[in-house]
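Quick notes on the structure that follows.
As the structure is a computational prediction, the values presented were derived from the model and not from experiment. The first residue in the sequence is number 1, and the count goes up from there.
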Amino acid sequence: MSNTVKAILDLKGRNVVTAGANTTAGEAAKVLSSRKIGAVVIVGVEGRIAGIFTERDLVNAVAKFGKDCLDQPVVSLMTSRVFRCHEDTTVNELMELMTSRRFRHLPVETNGKLVGIVSIGDVVKTRIAEVEREAEEIKAYIAG
C-alpha cells in the first residue's frame with residue numbers, strides 16, 4: 001500500500017458532500033449533523049471548489065451573529081481560501097499541512113476538479129495501519 005492521498009481515496013471512496021453557495025448555514029448544519037461529517041465543500045460553476053463550510057465556520061458564525069446566522073448563505077460564512085491536496089500528496093505531507101494550518105479536512109483536486117476529500121481521521125487511520133504493518137514486518141524479520 002502506498003502512503004498517498006490516492007491510496008486513502010481508493011480505500012474510503014471518493015464521495016464528497018457538496019453544497020451550493022446559496023445554501024443557508026442552517027441547511028448546511030443539518031447536512032453536517034445527518035451525515036456525521038465535519039465539512040461540506042461549497043462548489044460553484046462546473047463543480048469547482050468555491051469554499052468549504054466546516055463545524056468551525058458554524059461555531060464562529062454563531063459566536064459573531066447569534067442564531068440569525070442560520071439564515072445566512074454559507075458563501076458569507078465559509079472559508080473561501082481553501083487549501084487543496086492532490087492524489088500524489090503523501091500522508092507525511094498531509095500531516096504537516098493539517099497540523100501547521102490546523103485543518104481537519106482537505107479537498108482533493110485533479111485538473112481543477114474536486115475528486116475527493118481527506119480528513120484528519122483518514123490520515124490517522126492510514127498512519128496507524130502503516131505503523132502496524134511495519135511492526136509486523138520487523139517481527140517477521142526477527143523471527144526469521
Side-chain angles (χ1 to χ4, degrees), residues 1-67 69-70 72-142:
M1 172 189 276
S2 178
N3 60 349
T4 63
V5 168
K6 181 182 183 324
I8 293 172
L9 294 179
D10 287 348
L11 283 174
K12 79 169 222 162
R14 296 168 184 277
N15 185 38
V16 182
V17 177
T18 62
N22 292 324
T23 302
T24 67
E27 293 166 335
K30 287 178 185 174
V31 169
L32 293 173
S33 177
S34 67
R35 296 288 194 96
K36 296 179 175 36
I37 56 175
V40 174
V41 177
I42 308 305
V43 293
V45 179
E46 297 178 8
R48 297 202 182 267
I49 299 169
I52 190 167
F53 185 75
T54 67
E55 295 164 317
R56 187 176 295 156
D57 293 321
L58 181 59
V59 168
N60 288 338
V62 170
K64 187 173 182 179
F65 301 111
K67 66 180 179 174
C69 74
L70 297 176
Q72 293 181 23
V74 291
V75 71
S76 65
L77 306 170
M78 69 184 185
T79 300
S80 55
R81 186 169 177 236
V82 180
F83 281 80
R84 300 151 168 90
C85 63
H86 305 282
E87 290 191 54
D88 61 350
T89 303
T90 68
V91 170
N92 287 341
E93 290 169 332
L94 282 174
M95 287 190 302
E96 172 63 30
L97 182 59
M98 290 176 142
T99 301
S100 66
R101 298 286 184 164
R102 299 180 54 114
F103 297 144
R104 293 184 310 201
H105 303 87
L106 275 177
V108 183
E109 204 174 56
T110 298
N111 298 323
K113 300 275 182 161
L114 178 64
V115 296
I117 190 165
V118 289
S119 71
I120 192 68
D122 299 327
V123 174
V124 169
K125 182 178 176 181
T126 299
R127 187 64 188 121
I128 288 171
E130 287 174 356
V131 169
E132 288 174 347
R133 188 182 69 252
E134 290 168 3
E136 288 302 317
E137 290 172 359
I138 290 170
K139 285 180 192 176
Y141 176 77
I142 292 171

>> Minimum heavy-atom separation for Pro107 and Phe83, please, with both atom names.
In response: CD-O, 3.5 Å
>> Test side chain to side chain contact (heavy atoms under 4.5 Å, CB included) on Leu32 and Val17; report intermediate values, then the result.
In response: CA-CA 9 Å; Leu32 293 173; Val17 177; over 6 Å; no
> If we only count heavy atoms from C-beta on, is the Leu70 to Phe65 side-chain gap below 4.5 Å?
Replying inline: no
> Does any non-hydrogen side-chain atom of Val91 lie less than 4.5 Å from one of Glu130?
Replying inline: yes
>> I need the full list of salt bridge (Lys or Arg N to Asp or Glu O under 4.0 Å) pairs touching residues 52-61, with sequence neighbours left out, sorted by first then second residue.
In response: Glu55-Arg104
>> Under the criterion side chain to side chain contact (heavy atoms under 4.5 Å, CB included), I'd like the reasoning laid out for Arg84 against Ile49: C-alpha separation, chi angles, the key distance, then a yes or no.
In response: CA-CA 9 Å; Arg84 300 151 168 90; Ile49 299 169; 3.4 Å; yes
>> Measuring from atom OG1 of Thr4 to atom NE2 of His86, what distance do you get when rounded to the nearest 0.5 angstrom?
In response: 13.0 Å
> For Gly112, does its backbone N or O pair with a side-chain atom of Arg48 as donor and acceptor, under 3.5 Å?
Replying inline: yes
>> Using modelled atom types and a 3.5 Å cut-off, is there a donor and acceptor pairing between side-chain atoms of Ser76 and backbone atoms of Pro73?
In response: yes
> Between His105 and Ser119, what is the shortest heavy-atom contact and its length?
Replying inline: CD2-CB, 3.9 Å
> Between Leu106 and Met98, is any pair of side-chain heavy atoms under 4.5 Å apart?
Replying inline: yes
>> Which residues pass the side chain to side chain donor-acceptor pair (under 3.5 Å) test with Lys12, not counting sequence neighbours?
In response: Asp122
> Of all heavy-atom pairs between Met78 and Gly51, which one has the smallest distance, and what is that distance?
Replying inline: SD-CA, 3.7 Å
> From Thr54 OG1 over to Leu77 CG, what is the distance, rounded to the nearest 0.5 angstrom?
Replying inline: 10.5 Å
> What's the shortest heavy-atom distance between Asn15 and Ile117, and which atoms?
Replying inline: O-CG2, 4.4 Å
>> What I'd like to find out is whether the side chain of Glu87 reaches to under 4.5 Å of the side chain of Val115, using heavy atoms alone.
In response: yes
> Between Thr23 and Ala28, which heavy-atom pair has the shortest distance, and what is it?
Replying inline: CG2-N, 4.0 Å
>> Tell me the closest heavy-atom pair linking Ala50 and Gly44, and the distance in Å.
In response: CB-N, 4.0 Å
> According to the salt bridge (Lys or Arg N to Asp or Glu O under 4.0 Å) rule, which pairs have a member within residues 15-44, sequence neighbours left out?
Replying inline: none
> Is a donor on one side and an acceptor on the other found under 3.5 Å between the side chain of Glu93 and the backbone of Thr90?
Replying inline: yes
>> side chain to side chain contact (heavy atoms under 4.5 Å, CB included), that's the test. Do Ile52 and Ile42 meet it? Break it down for me.
In response: CA-CA 5 Å; Ile52 190 167; Ile42 308 305; 5.8 Å; no
>> Using modelled atom types and a 3.5 Å cut-off, is there a donor and acceptor pairing between side-chain atoms of Thr99 and backbone atoms of Met95?
In response: yes
> Do any N or O atoms from the side chain of Thr89 and from the backbone of Cys85 form a donor-acceptor pair under 3.5 angstrom?
Replying inline: no
> Counting only N and O atoms by type, is there a donor-acceptor contact under 3.5 Å from the side chain of Thr79 to the main-chain atoms of Arg81?
Replying inline: no
> Would you call Val41 and Leu114 a side-chain contact if the rule is heavy atoms closer than 4.5 Å?
Replying inline: yes
> Nearest 0.5 Å, what's the OG1-CG distance between Thr126 and Leu11?
Replying inline: 7.0 Å
>> Pair Arg133, Glu136 - check salt bridge (Lys or Arg N to Asp or Glu O under 4.0 Å), show working.
In response: CA-CA 5 Å; Arg133 188 182 69 252; Glu136 288 302 317; over 6 Å; no
